[in-house]
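All remarks here apply to the structure that follows.
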Number of protein chains: 2
Amino acid sequence: MLDTFRAHVLKYVTVDEATIAAAGSFFQVKKFRKKENLLSEGQLARYNYFIAAGCVRKYFINNKGQEQTTDFAIENWWMTDLAAFWGQGKTEINIQAVEPTTVLMIDRQNLQRLFAAHPFMESYFRQIYQKAYAAAENRIRYLYEFSREELYLHFYRQFPEFTRRVPQYLLASYLGFTPEYLSEIKRKLES
Amino acid sequence: MLDTFRAHVLKYVTVDEATIAAAGSFFQVKKFRKKENLLSEGQLARYNYFIAAGCVRKYFINNKGQEQTTDFAIENWWMTDLAAFWGQGKTEINIQAVEPTTVLMIDRQNLQRLFAAHPFMESYFRQIYQKAYAAAENRIRYLYEFSREELYLHFYRQFPEFTRRVPQYLLASYLGFTPEYLSEIKRKLES
DNA sequence: CGGATCGTTGATCAACTTCAACGGTCGTGG
DNA sequence: CCACGACCGTTGAAGTTGATCAACGATCCG
């Protein structure tokens, strides 16, 4: 499990094997079953999760009482409620395994110790967040530029395998429209 | 001008005056007039900008040929096209001064030298991007949860002074709807 | 085999856009 | 400092996009 993490870190920083192994010892490994929650609304967001295998989604309950999926994360992505993890408040979001999932997890105190002990991790996370921020900005752009139908097409082209990996009602939720409308789009595209 | 930067850095890291002054020497100061562009579509994104005074916006030309504003930045915010700044491609976005604006700017090579010379800047930027990413995630949540009318109300309550600081057609563009509809919302809220 | 869950279809409805026109105001050149 | 033009905000009518609701068929899983 640490192999996935090791490979990912090496994409961003140059560091020797002993050091990276030492950094790895700050994490715990944990497995979750399908539909099990890594984090639930109202809890403290104690951990930051690195997805080593599987797939999770982030969702919240909107003002109509429905689950609104805002993010998916697969292998090599980090996932948590950042604001709640670094602040002290309770989270308003849920993180749930969509598939059987294995994570590396670390709490705030250990992450701070890790930064102090291994400065290369500060650089690694600087780059991770930089990239995640750029991706979020891109996503906001698409939300502005594209109609719902175009959002679906764009997603479908960019992540064809992903479209098959998650159920359609979750995909519709993530794209910001109803499952009924997704049906309609698909019918239109087929004809 | 460096005072604004100094104060902002000290909110995130602990570092002595001499070191922070040394880090400051990596930046150039530049002023822009209202409506002047810091960065234009098709150019290389050479610089990362720290807004020391004033206000800028980020926008792109959408597939209907209209300017779509995606971000504002005021004092103490960083602004650039991150993907183009760190990659080698040309930018597809524009950054324009909404008010007379003073920035500190730094190119990629100097920023990398700065990281190497002063590791605390790596920690500073890690935290800046972490915060920016959390803010972007929040914004995505609002885009999903709120109607256009609620988006306006939410923005109006969170940044009342900002609503007066920028022209309404830019605000409408940022919120993702037409100036006409903003007029309608305001009329409804007044009555 | 039976029940729950998922995807589909069609009708109706609400949110928001588009287009065209008008009045006010701001800034610029004379 | 005034006059003119450009730009900005507003209004109303008509048109789209996507949501909601209800019902049905298919499929998955126990």
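Per chain, numbering begins at 1; letters A, B, ... match sequence-line order.
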If I take atom [atom1] in residue [X] and atom [atom2] in nucleotide [N], what distance separates them, rounded to the nearest angstrom?
| X | N | atom1 | atom2 | value |
| --- | --- | --- | --- | --- |
| Leu170(A) | dG7(C) | CG | C1' | 13 Å |
| Lys188(A) | dT16(D) | NZ | P | 12 Å |
| Lys35(B) | dA6(D) | NZ | P | 15 Å |
| Glu67(A) | dT5(C) | CD | C1' | 14 Å |
| Gln66(B) | dC16(C) | CD | C1' | 14 Å |
| Asn63(B) | dT17(C) | CG | P | 14 Å |
| Arg33(B) | dT28(C) | CZ | C1' | 16 Å |

Considering only NZ, NE, NH1 and NH2 on the basic side and carboxylate oxygens on the acidic side, decide whether Glu36(B) and Lys30(B) come within less than 4.0 Å.
no

Do the side chains of Arg141(A) and Glu92(B) get close enough for a salt bridge, i.e. N-O under 4.0 angstrom?
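Salt bridge between Arg141(A) and Glu92(B), a charged N being under 4.0 Å from a carboxylate O: yes.
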
Treating Arg108(A) as the side-chain partner and Trp86(A) as the backbone partner, does any N or O pair qualify as donor plus acceptor under 3.5 Å?
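At least one qualifying donor-acceptor pair exists.
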
Examine distances only and state if a side-chain atom of Arg46(B) and a backbone atom of Asp107(B) form a donor-acceptor pair shorter than 3.5 Å.
no

Under 3.5 Å, which N/O atoms of the protein pair with N/O atoms of nucleotides 8-14 of chain C?
residue	atom	partner	partner atom	Å
dT8(C)	OP2	Ser183(A)	OG	2.6
dT8(C)	O5'	Ser183(A)	OG	3.2
dT9(C)	OP2	Arg187(A)	NE	3.3
dG10(C)	OP2	Arg187(A)	NH1	3.1

Could you check which residues of residues 142-159 of chain B get a heavy atom under 4.0 Å from DNA chain C? Sort them by number, please.
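Only Ser147(B), Arg148(B) qualify.
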
Bend angle of the helix from dC1(C)-dG30(D) to dG30(C)-dC1(D) from five-pair axes at both ends, rounded to 10°?
50°

Can you confirm if the aromatic rings of [Y] and [X] lie within a centre distance of less than 6.0 Å?
| X | Y | value |
| --- | --- | --- |
| Tyr152(A) | Phe177(A) | no |
| Phe155(A) | Phe159(A) | yes |
| Tyr129(A) | Trp78(A) | no |

Residue among Lys131(B), Gln130(B), Gln127(B) satisfying side-chain hydrogen bond (donor to acceptor under 3.5 Å, both in side chains) with Tyr12(B):
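Testing each of Lys131(B), Gln130(B), Gln127(B) against Tyr12(B), the sole residue satisfying side-chain hydrogen bond (donor to acceptor under 3.5 Å, both in side chains) is Lys131(B).
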
Return whichever of Gly176(B) or Lys34(B) has its heavy-atom-nearest nucleotide of DNA chain C closer to the 5' end.
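The residue mapped nearer the 5' terminus is Gly176(B).
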
What are the two closest heavy atoms between [X] and [Y], and how far apart are they?
| X | Y | result |
| --- | --- | --- |
| Thr70(A) | Phe60(A) | CG2-CE2, 3.5 Å |
| Glu145(A) | Asn63(B) | OE2-N, 3.7 Å |
| Asn48(A) | Thr80(A) | OD1-CG2, 3.4 Å |

Kindly say if Lys64(B) contacts the phosphate of dT18(C), meaning a side-chain N or O under 4.0 Å from OP1 or OP2.
yes

